[in-house]
There are 2 protein chains.
Amino acid sequence: MFLELRHLRSLLAIRETGNLARAAERLHVTQSALSHQIKSLENYFEAPLFLRNSKPLRLTPAGEKLIELARQVLPLVEGAENDLKRVARGELGRLHIAIECHACFEWLAPVLNRYRQQWPQIEVDIRVGVSFEALPALRKGEVDLVISSDPVKSSDLQFAELFDYEALLVMPADHPLTRRKRIQPADLAGETLITYPVNRQRLDVFSRFLQPAGVEPAAVRQSELTSVILLLVASGRGVAVLPDWVLREAEQAGTLATRPLGPRGLKGTLHAAVRRAEFDTAYLQDFIALARGC
Amino acid sequence: MFLELRHLRSLLAIRETGNLARAAERLHVTQSALSHQIKSLENYFEAPLFLRNSKPLRLTPAGEKLIELARQVLPLVEGAENDLKRVARGELGRLHIAIECHACFEWLAPVLNRYRQQWPQIEVDIRVGVSFEALPALRKGEVDLVISSDPVKSSDLQFAELFDYEALLVMPADHPLTRRKRIQPADLAGETLITYPVNRQRLDVFSRFLQPAGVEPAAVRQSELTSVILLLVASGRGVAVLPDWVLREAEQAGTLATRPLGPRGLKGTLHAAVRRAEFDTAYLQDFIALARGC
DNA sequence: TGAGAAACATGAGATTTACTCAACACCGTT
DNA sequence: AACGGTGTTGAGTAAATCTCATGTTTCTCA
């Protein structure tokens, strides 16, 4: 392993100009440098690469082999270099997003549709975080952006606020609790609560509302899909607690009613986490801007 | 254009071992060297290639692009290097033969058939020299070996003797001239002479036999193919002068007779000319040996 | 055929590049 | 808090690759 791209570039220039002097000029080196270079190659391979007694300079079979290699390899290298420059300028990249909350998918999907139009060269993907820890995955480079509602201090990660949300109780429009302006934990003691199928710790309604008050709902039912949860609620099978962005359209239809939870509402702020080194990248910033504008 | 194969080899080693220290060991350099190398790459491309806070070391999209390049390029390079080593050892090569005399084809064809079995990796080809000068073509690398009957001194070409031959008059077995033991120029004055369609200067029968004696045959007829010439002679359309190797089999059939020309016979020696630098190559020497043994 | 031009080769010295060494910083363990 | 493992950094050194000056070869044209 001695051959370097420099050699291939020289060889190709010599081949194309048909003489050392012109090739040297093109490569911005002296003719002597090229001569030495070729000699060292011939030395290494123990075979002449050019027929010296011929004008224009002609290749031996060994030389032809190297030219062939150069013709295959150099365009690939140039292509890759261009790609890399574009990566550096943020025109090319990967945006694998991890979401930990199922409901986020509801606002993320339309945002990504618009995003894809603006950044067709960015490879976009979503991973719903059930089986893996989002922040470690971000550190390891498995994903490039994490949607999270609790930012943490970290030297290598950076969080950006997206928007505030409020978790609301959703129930049929004719449900008895619609008479209350605000819901108290005890109000849910007699209800069937429909949730996403994840650990209770990760559901605000338990960790921040029911558990502090020591209240347990009459029953808990689970469903993966937001639309199914809404359907179950609408048909009177139970109540659910969902973020407001999910409910805006559903409420307008008139079949469902929503109420805030607790005296000040169950509020939070969504954040996007990215690796600090990449924070300023154009295509990441643009995703964040789009997510905020929603 | 800054990237070198060295970088790709390093990157691949790092990727495969998952850490700088082990990669350095594999490449027989210090870990520090690798660190510097990567840093200079990241500097050049203005983009990080690795995520530092991860074990095993993980690539950024930019790094992935380079690894992809390495995976494409390095095998090609290695393949070419192997080929070149084989070219140097003479296991791989090209043998384009130029022949100036049509009749040479008769002995060359069977020689090449055997040769191809011994050297399947050598690309063999024959060019009958009508429209080009054989020795300049050899110097320029258009052909690799020239069959010639008159060796010349040259600093860059080397001639090797193959075998002696004698040009003989060939005629029908019942031709009046068969009564002569040897043929004199004047004997051909009344005959139709059948030759290959080339300049008279290049036909021994003219340049070395008839012209010195100032004799012109009654008629001259031309044919490309040795077998056609023999057919014409056998059917009494004329006589021909051909090298002995062509006539050995034909004579045995009994329909043709041959006689030497002039007091000492029209003799010569065939030579193989190659570029001096390649003279010692195994596959060329073996061709010469095969040609002699014929 | 021989003088001159053009083109490649060569050797020595300079420059640049890449490497090693040694000290340091960081992280995760124990 | 100390330690092992790992990557980073800066300075100094070694090696490679260049340039410059000159030599050699080849080709051209009178």
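Note that the coordinates shown come from a computational prediction; the quantities given were computed from them, not determined experimentally. Just so we're on the same page: letters track the sequence lines, and every chain starts at 1.
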A:S10 side chain to A:Q37 side chain, donor-acceptor N/O pair below 3.5 angstrom: yes
Please output the side-chain donor-acceptor pairs of residues 60-75 of chain A that fall under 3.5 Å, not counting sequence neighbours, one pair per line with the distance.
from  : atom 1 : to    : atom 2 : distance (Å)
A:T60 : OG1    : A:P48 : O      : 2.7
A:T60 : OG1    : A:L49 : O      : 3.2
A:T60 : OG1    : A:A62 : N      : 3.4
A:T60 : OG1    : A:G63 : N      : 3.2

What is the distance, rounded to the nearest whole Å, between atom [atom1] of [X] and atom [atom2] of [N]?
{"X": "B:L20", "N": "D:dG7", "atom1": "CG", "atom2": "P", "result": "4 Å"}
{"X": "B:H28", "N": "C:dT20", "atom1": "NE2", "atom2": "P", "result": "12 Å"}
{"X": "B:F50", "N": "C:dC26", "atom1": "CZ", "atom2": "P", "result": "21 Å"}
{"X": "B:E25", "N": "D:dT6", "atom1": "CD", "atom2": "C1'", "result": "14 Å"}
{"X": "B:R52", "N": "C:dA25", "atom1": "CZ", "atom2": "P", "result": "18 Å"}
{"X": "B:E42", "N": "D:dT9", "atom1": "CD", "atom2": "P", "result": "10 Å"}
{"X": "A:E4", "N": "D:dC18", "atom1": "CD", "atom2": "C1'", "result": "16 Å"}
{"X": "A:L34", "N": "D:dC18", "atom1": "CG", "atom2": "C1'", "result": "11 Å"}

Could you write out DNA chain D as dot-bracket? Rules: Watson-Crick or G-U wobble, both distances under 3.5 Å, brackets [ ] for crossings, | for pairs with another strand, dot for unpaired. ||||||||||||||||||||||||||||||
Please set out all donor-acceptor pairs under 3.5 angstrom arising from side-chain atoms of residues 268-277 of chain B, sequence neighbours excluded.
from   : atom 1 : to     : atom 2 : distance (Å)
B:T269 : OG1    : B:D164 : OD1    : 2.7
B:R275 : NE     : B:E278 : OE2    : 2.8
B:R275 : NH1    : B:L138 : O      : 2.5
B:R275 : NH1    : B:V143 : O      : 2.8
B:R275 : NH2    : B:D144 : OD1    : 2.8
B:R275 : NH2    : B:E278 : OE1    : 3.2
B:R275 : NH2    : B:E278 : OE2    : 3.3
B:R276 : NE     : B:S155 : O      : 2.9
B:R276 : NH1    : B:Q158 : OE1    : 2.8
B:R276 : NH2    : B:S154 : O      : 2.9
B:R276 : NH2    : B:L157 : O      : 2.9

Using a 3.5 Å cut-off and no angle test, enumerate the donor-acceptor pairs between side-chain atoms of residues 22-30 of chain A and protein atoms at least two apart in sequence or in another chain.
from  : atom 1 : to    : atom 2 : distance (Å)
A:R22 : NH2    : A:T17 : O      : 3.2
A:R26 : NH2    : A:E16 : OE1    : 2.6
A:T30 : OG1    : A:A33 : N      : 3.2

Show each protein N/O and nucleotides 10-14 of chain C N/O combination with a separation under 3.5 Å, one pair to a line.
from   : atom 1 : to    : atom 2 : distance (Å)
C:dT10 : O4     : A:S32 : OG     : 2.9
C:dG11 : O6     : A:H36 : NE2    : 3.0

Using modelled atom types only, decide if a donor and an acceptor are shared between the side chain of A:S148 and the backbone of A:D150 within a distance under 3.5 Å. yes
Flag the pair A:F287 / A:W119 as yes when their ring centroid distance falls below 6.0 Å, and as no otherwise. no
Lys/Arg N to Asp/Glu carboxylate O, [X] vs [Y], below 4.0 Å:
{"X": "B:E142", "Y": "B:R94", "value": "no"}
{"X": "B:E91", "Y": "B:R89", "value": "yes"}
{"X": "A:E4", "Y": "B:R9", "value": "yes"}

Below 3.5 Å is the cut-off: list the nitrogen or oxygen pairs between protein and nucleotides 12-17 of chain D, distance only.
from   : atom 1 : to   : atom 2 : distance (Å)
D:dT17 : OP2    : A:R6 : NH1    : 3.4

Close side-chain approach of B:D204 and B:F209, heavy atoms under 4.5 Å: no
Measure up the B:F163 and B:W107 rings against each other and bin them: parallel (under 30°), tilted (30 to 60°), perpendicular (over 60°). perpendicular
